[in-house]
There are 2 protein chains.
Amino acid sequence: MERPRKPTLDTVASAVGVSRATVSNAYNRPDQLSAALRERILETAASIGYAGPDPVARSLATRHSAAVGFMLGQHLSAAFSDPAVSIVLDGLASTVDGHDHCLVLMPGGTEGGPRPETVARAAADVVVAYSLPDHAPALDAVRVRGLPMVVIDQPVLPDTARVEVDDFGGARMAAIHLRSLGHTRFGVLTFSLHPDDRNGFVSAGRLSGSTFRVTRDRLAGYLDVVGPGVPVWECAGSSRELGRTGARALLSSTPRPTALLCASDELAFGALQAVRDLSLAVPRDVSVVGFDDVPAAEHSDPPLTTVRQPLTEKGRRAGESALRLLAGGRPEEPIRLAVSLVERHSTAPLT
Amino acid sequence: MERPRKPTLDTVASAVGVSRATVSNAYNRPDQLSAALRERILETAASIGYAGPDPVARSLATRHSAAVGFMLGQHLSAAFSDPAVSIVLDGLASTVDGHDHCLVLMPGGTEGGPRPETVARAAADVVVAYSLPDHAPALDAVRVRGLPMVVIDQPVLPDTARVEVDDFGGARMAAIHLRSLGHTRFGVLTFSLHPDDRNGFVSAGRLSGSTFRVTRDRLAGYLDVVGPGVPVWECAGSSRELGRTGARALLSSTPRPTALLCASDELAFGALQAVRDLSLAVPRDVSVVGFDDVPAAEHSDPPLTTVRQPLTEKGRRAGESALRLLAGGRPEEPIRLAVSLVERHSTAPLT
DNA sequence: TGAACGTACTGAAGCGCTTCAGTCACACTC
DNA sequence: GAGTGTGACTGAAGCGCTTCAGTACGTTCA
């Protein structure tokens with residue numbers, strides 16, 4: 001079947017009997033033509049099924065694509081199972097959407113970040129990177145393309161905007177809290193140190209060379225307070241299930257820890273369950289702290305003591321930075337958001 | 001500061017001393033030139049910082065953008081807190097990424113779907129819609145643009161591919177299971193019937209006119225078996241917290257239900273917690289069934305009896321359909337994936 | 001009354017790339 | 001030595017739009 005060609009600006013222009021420039025103005029610069037003519041153009045366009053200027057052609061002509069790329073170091077399901085990611089992404093998405101920009105997802109491959117080819121071929125004029133390992137090839141691909149970038153929770157990169165929280169300080173606060181409650185036997189539950197999906201106790205060597213900034217800092221914050229000899233279990237991702245397994249392992253060591261320091265709330269929720277699994281109670285037998293303060297932390301059983309970081313704001317600020325770079329602004333000073341300890345009922349003095 | 005213009009195909013062409021067409025071929029049709037020349041072109045390109053053909057210009061010339069749009073009826077945080085969404089999205093993303101396509105996110109506004117302008121301006125050449133209300137304006141915007149579309153769990157639309165599961169049948173299976181265990185007093189926990197974020201008991205009127213196909217069918221499946229008089233609580237989203245609140249309300253009615261039918265696993269997890277909150281036990285005092293069979297269902301306490309739907313495959317099939325449409329294929333017959341009841345330990349005979 | 005100004009619209013030059021019909025030189029055949 | 005390929009490369013026409021310098025035609029004002 002001979003499908004009719006899609007209408008273009010030209011189609012509309014000759015249907016109305018004006019020049020192409022005028023039709024373009026009808027869409028983009030209403031002040032450039034009389035209201036009556038504009039009305040007539042829009043009506044004609046609708047009647048012949050013209051859906052408005054083609055986004056791609058417009059992007060080529062204007063030299064920006066109204067899209068912000070989003071690079072993620074993990075598979076999407078893994079990433080989103082962590083509310084910390086989805087809330088940030090939501091903040092980001094609503095910010096850019098409010099300014100008529102789309103979000104182009106570049107999901108991570110197996111290597112800790114999108115493939116460089118994916119980056120090279122994606123239409124975006126600024127990209128925000130979240131949770132990539134330090135030297136991800138995708139980061140380099142962005143640089144080669146000359147796209148401005150904002151990184152979240154990532155090491156500093158030349159010419160790049162950045163938003164982050166004080167993971168190290170937050171973790172220290174949590175650990176100090178526990179120590180001041182009298183605890184001396186700790187266990188630490190962390191998520192990936194390296195992009196290789198490993199679960200298990202962590203050796204000193206693996207610990208030192210972690211390529212994920214956030215993991216590294218939270219862990220360092222904990223260990224800075226509780227000392228380096230503490231058992232650390234690494235989970236391949238931030239999920240309840242993995243946390244439950246890890247916490248079970250930690251609680252099976254002798255002497256049994258009386259306090260568990262978790263790198264995220266999701267991991268901590270798993271730990272809560274693990275304590276129950278062993279017929280122990282939180283906080284009577286073991287205290288648990290999380291990190292993030294996701295909404296569910298307030299309603300867990302018991303409500304979770306955790307380090308609050310402003311997740312939505314993180315996404316929003318990243319979005320605003322991206323928009324500012326898009327408008328030609330220079331990357332500003334790194335934005336550092338405050339964290340705070342939220343004491344609830346999963347921690348108690350050592351009895 | 002005078003920033004140097006970004007190199008283009010032309011820049012490379014004249015640097016090497018060949019025509020622009022040849023440089024283009026070096027990237028897209030290696031068989032059209034000698035290996036030696038290609039090598040030389042690629043080297044020169046790298047040395048002058050050319051990152052490869054501009055994606056936008058290429059899209060305009062080829063008339064496809066290598067992007068699949070993704071429309072979602074909810075805010076991203078709401079959507080991703082439901083693993084059922086993130087797993088589907090992950091399946092979709094890895095399918096299209098494997099074929100060098102990006103995913104363009106068009107997040108829902110408040111009206112149950114992306115704004116039509118968002119749709120009109122997004123560069124994508126096929127879109128997949130998930131979890132939109134029946135007559136979302138975004139659906140119409142896609143039609144006007146003439147883009148092919150695949151819908152997941154959505155009513156049939158002319159000229160549109162579709163993948164879905166038998167929500168009605170699945171829900172019936174779960175309800176029949178409960179009835180055959182002897183239960184007669186039920187409570188139903190559902191998620192949004194309308195795009196207005198409401199929580200509370202559902203009136204008959206609100207129930208009949210639901211605009212979300214999935215909600216409608218699961219609910220209808222439950223009620224088909226347990227009868228129309230059963231109390232139904234609507235949650236604004238599919239999260240543990242909302243489920244917990246709703247289940248608490250349901251369990252406070254007299255006579256107290258002995259079985260809770262939940263529209264999703266997340267809701268069911270909340271119900272599990274609610275039962276504990278009231279110092280009751282699952283399944284001794286109350287049986288609970290979920291829907292989806294997300295990974296966590298196997299590990300909940302107790303493990304959840306639920307209706308399994310193949311989430312990853314749903315995303316994968318949707319991705320494949322999208323790719324096929326992109327290749328010019330006609331929309332095929334709707335794909336209907338099988339569901340099955342997974343009996344675990346959250347249901348038991350009425351004692 | 002004529003210079004100055006505004007408003008409404010148009011022509012044409014790109015934006016950076018793909019693609020297809022050639023052209024050209026060279027080898028191969030009978 | 002004319003005919004037939006064939007492999008390697010090029011010229012030029014678009015893809016659908018934006019934009020900017022201009023034209024044409026009133027209005028205004030000194």
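Chain naming here is simple, since letters A, B, ... match the order of the sequence lines and numbering starts at 1 in each.
In the helix from C:dT1-D:dA30 to C:dC30-D:dG1, the terminal helix axes, each the rotation mapping four pairs' C1' atoms onto the next four within five end pairs, subtend 40°, rounded to 10°.
Annotation: proximity of residues 18-29 of chain A to DNA chain C (heavy atom, distance under 4.0 Å) is found for A:Val18, A:Ser19, A:Ala21, A:Thr22, numbered in ascending order.
A:Tyr50 has a side-chain polar atom (N or O) that falls below the 4.0 Å cut-off from OP1 or OP2 of D:dC17. OP1 or OP2 of D:dT18 has at least one side-chain nitrogen or oxygen of A:Arg58 nearer than 4.0 Å. The side chain of A:Ser34 places an N or O atom within less than 4.0 Å of a non-bridging phosphate oxygen (OP1 or OP2) of C:dC9.
In this structure, A:Leu9 reaches the bases: a heavy-atom distance under 4.0 Å links it to at least one base atom across the strands shown. Among the atoms of the strands shown, only primed sugar atoms or phosphate atoms (P, OP1, OP2) are found under 4.0 Å from some heavy atom of A:Leu33.
In this structure, CG of A:Asp54 is placed 6 Å from C1' of D:dG16, rounded to the nearest angstrom. Rounded to an integer number of Å, the gap from A:Gln32 CD to C:dG6 P is 14 Å. Between the P atom of D:dG7 and the CZ atom of B:Arg38 lies a distance of 18 Å, rounded to the nearest Å. Between the C1' atom of C:dG16 and the CZ atom of B:Arg63 lies a distance of 15 Å, rounded to the nearest Å.
A:Glu320 and A:Thr95 share no donor-acceptor pair across their side chains, judged by distance under 3.5 Å alone. Of the N and O atoms on the side chains of B:Thr44 and B:Ser47, not one donor lies less than 3.5 Å from an acceptor on the other residue.
Comment: B:Asp97 engages A:Arg115 in a salt bridge, judged by a side-chain N to carboxylate O separation of less than 4.0 angstrom.
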Would you give me the side-chain donor-acceptor pairs under 3.5 Å for residues 119-135 of chain B, sequence neighbours excluded?
{"residue": "B:Asp125", "atom": "OD2", "partner": "B:Ser65", "partner atom": "N", "Å": "2.2"}
{"residue": "B:Asp125", "atom": "OD2", "partner": "B:Ser65", "partner atom": "OG", "Å": "3.1"}
{"residue": "B:Asp125", "atom": "OD2", "partner": "B:Ala66", "partner atom": "N", "Å": "3.4"}
{"residue": "B:Ser131", "atom": "OG", "partner": "B:Gln74", "partner atom": "NE2", "Å": "2.6"}
{"residue": "B:Asp134", "atom": "OD2", "partner": "B:Arg216", "partner atom": "NH1", "Å": "2.7"}
{"residue": "B:Asp134", "atom": "OD2", "partner": "B:Arg216", "partner atom": "NH2", "Å": "3.4"}

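Mapping A:Ala61 and B:Leu60 onto DNA chain D by nearest heavy atom places B:Leu60 at the nucleotide closer to the 5' end.
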